[in-house]
Amino acid sequence: MSFTVEDPVKTLIRLLRTYLRVVKEDGGLASIHISDEWYNSEISKTYDGQITVGLENCREERLSINGAIRRSIVTYRVNVWVLDKPEKSLESSEMRNKILQEVKNVIRERGEAPYKFEYNLVGASQKSGSHKVFYTFSDQEIPPTSSEWNELSDEEYAKLWYSDDERLSETIQENGKYPFLLFKFKLDAETTVLKSLTLKFEGYGESPAGNGVTIKAWNFSDGNWQKTQTSSGSLDETISIEILSGFENFVDKDGYVYLLAKTANPSDGVNSAVLHCDYAEMDFSVNGISYCKLVSYRNLDETHNRPFIWRTELSVEGWIFERTV
């Protein structure tokens, strides 16, 4: 069976963008620009550091006599760049070292499965450009494009950042109506390279006719909510929708995926229906590199002219397995 393999540079860039976190001396997160090659001095003026990823070489090996099973060994050139600030030269070099350490950590911790990604709502707010959450109250399931949806406030977004005991709750007492949440996740991979796509909701629902939550995914081709999954508890539990094929039906042309959540039953006009959400997430995996490791690294500081550039180059190796029939 053959399949479309994602550009290995794109996969490694996404891996670093998703999981790399560098903490500054003041406790805040450093702003790191991660892209393909090469260094951009203008970018470095506005960011704490820059990481560039490029393909150095790729060699193929036959793993079967007829060549139906092959392994591609990809060698990446990963560079960490920090532009020196004359008044803070020591801090600049230390920032390079911090970024380097975090790059090493991500590759070591995620190298066994670099094709898997978890997109959550940590840090999401009304200013976010990727993942969004909306709410409404209705007696029917409405499409994600409806004007009835209202975006969460920043305070409400913060309640969904982590799986903890701080929950977002939406309540309706009007007869026959449900509280709804709409999660809009940005997928930055082509549907042709996807292996799996999973949508997760953590929480519970309360309503007079019975507790529980119903979740669904929007099918753009059919124009309706599908892949129904339900729970029936009165305590937090995670329910998931897993998509293993037909990905193009659930991702729009801009890369957005929609998850709907509502209480299992509506309000009866006397007793309220309440939807509690603690956390939500979109997981996906891509066809491509199935393993990667750090091979070596070296410092290539550029100190012959000011401002100095604190630079470290890493060599990273990735494997891609392909089978053709």
Review point. Does a side-chain N-to-carboxylate-O contact under 4.0 Å join Glu118 and Lys116?
Key: no
Practice item. Say whether Asn79 and Arg311, considering side chains only, have a donor N or O and an acceptor N or O under 3.5 Å apart. Key: yes
**Study point:** Asp283 and Thr198: side chain donor to acceptor below 3.5 Å
**Key:** no
Practice item. Report the residues that fulfil salt bridge (charged side-chain N to carboxylate O under 4.0 Å, His left out) with Glu61, sequence neighbours left out, ordered by chain and then residue number. Key: Arg71
Exercise for review: Among Arg96, Lys24, Lys98, find the residue that satisfies the salt bridge (Lys or Arg N to Asp or Glu O under 4.0 Å) test when tested with Asp48.
Suggested key: Lys24
Practice item. Examine the side chains of Asp236 and Tyr279 and answer whether a donor and an acceptor come within less than 3.5 Å of each other. Key: no
Review point. Do Ser207 and Thr263 have a side chain donor and acceptor closer than 3.5 Å?
Key: no
Point to revise | Trp149-Glu151 side chain donor-acceptor pair, cut-off 3.5 Å | key: no
Point to revise | Aromatic ring pairing Phe117/Phe284, orientation class (parallel under 30°, perpendicular over 60°, tilted between) | key: parallel
Review point. OH of Tyr119 to CG of Asp188: how many Å apart, nearest 0.5 Å?
Key: 3.0 Å
Check your understanding: Are there more than 12 heavy atoms of other residues, nucleotides or ligands under 6.0 Å from atom NZ of Lys195?
Key -> yes
**Study point:** Between Asn97 and Glu94, a side-chain donor and acceptor under 3.5 Å
**Key:** no
Exercise for review: Check for a donor-acceptor pair, side chain of Lys159 on one end and backbone N or O of Glu155 on the other, with a separation under 3.5 Å.
Suggested key: no
**Study point:** More than 12 heavy atoms from other groups under 6.0 Å of NZ on Lys186
**Key:** yes
Review point. Any chance the rings of Phe321 and Tyr291 have centres within less than 6.0 Å?
Key: no
Exercise for review: Please examine the side chains of Cys277 and Phe201, heavy atoms only from C-beta on, and report whether any two atoms are closer than 4.5 Å.
Suggested key: yes
Check your understanding: Side-chain donor-acceptor pair under 3.5 Å between Ser267 and Gln173, yes or no?
Key -> no
Exercise for review: Please determine if Lys184 forms a cation-pi arrangement with Tyr256, meaning its NZ or CZ atom is less than 6.0 Å from the six-membered ring centre and no more than 45° off the ring axis.
Suggested key: yes
Review point. Side chains of Tyr115 and Asn287: donor-acceptor distance under 3.5 Å anywhere?
Key: no
**Study point:** Close side-chain approach of Leu182 to Tyr258, heavy-atom, < 4.5 Å
**Key:** yes
Check your understanding: Is there a side-chain contact between Lys200 and Glu202, using heavy atoms and a 4.5 Å cut-off?
Key -> no
Check your understanding: Do you see a donor-acceptor pair shorter than 3.5 Å between the side chains of Thr11 and Glu6?
Key -> yes
Practice item. Hey, could you give me the CD1/CE distance between Ile243 and Met282, rounded to the nearest 0.5 Å? Key: 10.0 Å
Review point. Among the clusters formed by ILVMFWY side chains lying less than 4.5 Å apart, do Tyr297 and Val22 turn up in the same one?
Key: yes
Revision key, fill the gap. Interatomic distance, CG@Leu121 vs OH@Tyr162, rounded to 0.5 Å, equals 11.5 Å
Review point. In terms of side-chain geometry, is the basic nitrogen of Glu141 or Lys216 positioned less than 4.0 Å from the acidic oxygen of its partner?
Key: yes
Review point. Roughly how far, to the nearest 0.5 Å, is CG of Asn224 from CG of Asn219?
Key: 6.0 Å
Check your understanding: Is Glu174 salt-bridged to Lys177, cutoff N-O under 4.0 Å?
Key -> yes
Check your understanding: Taking the six-membered ring where the residue is Trp, are the ring centres of Phe183 and His131 under 6.0 Å apart?
Key -> no
Check your understanding: Can you tell which of Val103, Val78, Val316 makes a side-chain contact (heavy atoms from CB on, under 4.5 Å) with Leu294?
Key -> Val316
Exercise for review: Under the salt bridge (charged side-chain N to carboxylate O under 4.0 Å, His left out) rule, collect the residues that match up with Glu190, sequence neighbours excluded.
Suggested key: none
Revision key, fill the gap. For Asp222, the side chain to side chain donor-acceptor pair (under 3.5 Å) test, sequence neighbours excluded, returns Gln226
Review point. Parallel, tilted or perpendicular for Phe308 and Trp310, by the 30°/60° rule?
Key: perpendicular
Review point. Are Thr52 and Trp81 linked by a side-chain donor-acceptor pair shorter than 3.5 Å?
Key: yes
